[in-house]
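Inspection log for the structure reproduced underneath, given as structure tokens.
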Amino acid sequence: MVKRLYIIICMLLVFVGSNAQTANQLIREGNKLFSSKNYAQAEILYHKAIDKDGSNAIANYNLGRCLQAQKKNEEAKKLYDNTAKLEKDPVRLSSSYNNLGTIFQDEQNYEKAIEAYKSALRSNPNHKNARYNLELCKRKLKQQQNQQSSDKNKSDKEKKKKQPQNQNQNKNNQKNNQKNKQPKDNQGMSKDNAEQLLNAVKQQEKETQERLSKVMRQPSDKKLDKNW
């Protein structure tokens, strides 16, 4: 009877002790699991830490990092947003924005990625990964916009080709007159502006290349910041 009572008391102490864990203790245990890539179990502990202390910025950040490791990016975004509202330390705040930027970058949402990296650098101007990725995303966004513009022009041309050709003779004559005039106008504009446009494009490309080359010389890449 005494032995059984002793066992019951021990079990109660273990149960109470586990419930008495602080948010920081749960975070530390979660970090160990995260380091061993046991993300599912780490996620559970980070959730428990937030249940105990919803204003704990580190718990929110680490949970976001854990969710991102499991490709649960939509949930991770919400956690990084929560962290941005809670975190007071500029270095940790910068890490949250940087990791948020990597999600948008992977989604090829370069505009939002750029904003996230800018926020990271406002919090911590020395964040090398954020600076590298900011320049890279600016370049990618420009390429994306150029491609979209090219696709639109191609689509417009295809639509024009599909327009009905059985219009009356007067309209055909007007179109023919316009077509005959247009090459001359275009040729005139081309002669006047081609060199200036080409020089402007070359100069812009040169500045972009120099800015990107300067940043890329730094030993940095698209890495996620560590757990805290």
Side-chain angles (χ1 to χ4, degrees), residues 15-141 144 215 218-228:
F15 177 77
V16 171
S18 63
N19 281 324
Q21 283 182 300
T22 65
N24 288 337
Q25 288 173 328
L26 290 166
I27 291 170
R28 285 194 292 270
E29 290 184 15
N31 289 348
K32 291 178 183 178
L33 292 168
F34 184 92
S35 297
S36 61
K37 297 185 178 180
N38 192 344
Y39 301 130
Q41 292 300 315
E43 179 184 344
I44 291 172
L45 292 181
Y46 293 142
H47 270 298
K48 287 184 177 180
I50 292 174
D51 288 341
K52 286 186 174 292
D53 183 5
S55 63
N56 191 309
I58 294 176
N60 278 269
Y61 170 83
N62 286 3
L63 178 57
R65 180 73 176 81
C66 188
L67 291 167
Q68 188 176 358
Q70 299 176 82
K71 306 299 182 183
K72 299 178 181 179
N73 288 340
E74 291 305 314
E75 296 175 65
K77 288 178 190 176
K78 294 177 182 178
L79 270 298
Y80 288 141
D81 285 337
N82 288 344
T83 304
K85 296 173 184 177
L86 297 169
E87 186 58 74
K88 303 300 181 184
D89 182 88
V91 175
R92 291 200 293 263
L93 180 59
S94 178
S95 294
S96 183
Y97 280 124
N98 177 71
N99 290 359
L100 181 61
T102 63
I103 294 178
F104 287 126
Q105 186 173 348
D106 286 338
E107 295 173 347
Q108 297 186 358
N109 190 339
Y110 298 119
E111 290 184 352
K112 287 190 175 181
I114 287 169
E115 289 306 312
Y117 290 134
K118 283 181 178 179
S119 296
L121 290 169
R122 279 193 286 268
S123 298
N124 178 15
N126 296 318
H127 199 302
K128 293 181 179 180
N129 286 337
R131 189 172 299 281
Y132 170 87
N133 288 323
L134 174 61
E135 293 300 323
L136 183 61
C137 284
K138 285 180 178 179
R139 185 184 180 91
K140 290 287 186 181
L141 178 61
Q144 190 180 70
V215 177
Q218 301 175 358
S220 176
D221 55 22
K222 192 182 68 176
K223 292 181 180 178
L224 298 178
D225 284 354
K226 65 181 182 178
N227 280 17
W228 295 99

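One is the number of the first residue; the rest follow in order along the sequence.
Between the side chains of T83 and D81, not a single donor N or O lies within less than 3.5 Å of an accepting N or O. Defined by atom type and a distance below 3.5 Å, a donor-acceptor pair is missing between the side-chain atoms of S95 and E87. Using modelled atom types and a 3.5 Å distance limit, the side chains of Y46 and D51 yield no donor-acceptor pair. Residues N82 and Y61 bring no donor and acceptor atom of their side chains to less than 3.5 Å of each other. Counted by atom type alone, Q68 and E75 present zero donor-acceptor pairs between their side chains at under 3.5 Å.
Across C66 and A42, no two heavy atoms sit closer than the pair SG-CB, 4.0 Å. Contact record, I114 with C137: CG1-CB, 3.7 Å, taken as the closest heavy-atom pair. Closest heavy-atom contact between N56 and A23: ND2-CB, 4.1 Å. Across all non-hydrogen atoms, the minimal contact from S94 to A120 is OG-O, 2.9 Å. Of all the heavy atoms in L86 and A57, the pair that sits closest is CB-CB, 3.9 Å. Between P90 and N124, the closest heavy-atom pair is O-CB, 4.3 Å.
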Open item on the list: Set out, in order, the CA-CA distance, both residues' side-chain angles and the distance that settles salt bridge (Lys or Arg N to Asp or Glu O under 4.0 Å) for K77 and E107, then state yes or no.
Closed with: CA-CA 12 Å; K77 288 178 190 176; E107 295 173 347; 3.1 Å; yes

TODO: Given side chain to side chain contact (heavy atoms under 4.5 Å, CB included), test K138 with Y110 step by step and report yes or no.
DONE: CA-CA 7 Å; K138 285 180 178 179; Y110 298 119; over 6 Å; no

Open item on the list: If you apply the rule side chain to side chain contact (heavy atoms under 4.5 Å, CB included), what do you find for R122 with K118, and how did you get there?
Closed with: CA-CA 6 Å; R122 279 193 286 268; K118 283 181 178 179; 4.0 Å; yes

Open item on the list: Show, in sequence, the C-alpha distance, side-chain angles and deciding distance for H127 and N129, and conclude whether the side chain to side chain contact (heavy atoms under 4.5 Å, CB included) test is met.
Closed with: CA-CA 6 Å; H127 199 302; N129 286 337; 3.6 Å; yes

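Between atom OG1 of residue T22 and atom NZ of residue K52 there is a gap of 8.0 Å, rounded to the nearest 0.5 Å. A distance of 7.5 Å separates CD of Q21 from CG of L45, quoted to the nearest 0.5 Å. Taken to the nearest 0.5 Å, the CZ atom of R131 stands 13.5 Å off from the OH atom of Y117. I27 CD1 to D53 CG: the interatomic distance, rounded to the nearest 0.5 Å, is 8.0 Å. Rounding to the nearest 0.5 Å gives a distance of 12.0 Å between NZ of K78 and CG of L63. Atom CG of L79 is separated from atom CG of L67 by 5.5 Å, given to the nearest 0.5 angstrom.
In this structure, the side chains of L136 and Q105 come closer than 4.5 Å at one or more pairs of heavy atoms.
Between K140 and E135 there is no salt bridge, since no side-chain N of the basic residue sits under 4.0 Å from a carboxylate O of the acidic one. Checked for salt-bridge contact, E43 and K72 meet the test: a charged N lies under 4.0 Å from a carboxylate O.
Side-chain atoms of S96 do not come within 3.5 Å of backbone N or O of L93 as any donor-acceptor pair.
Aromatic ring centroids of F34 and Y39 lie under 6.0 Å apart.
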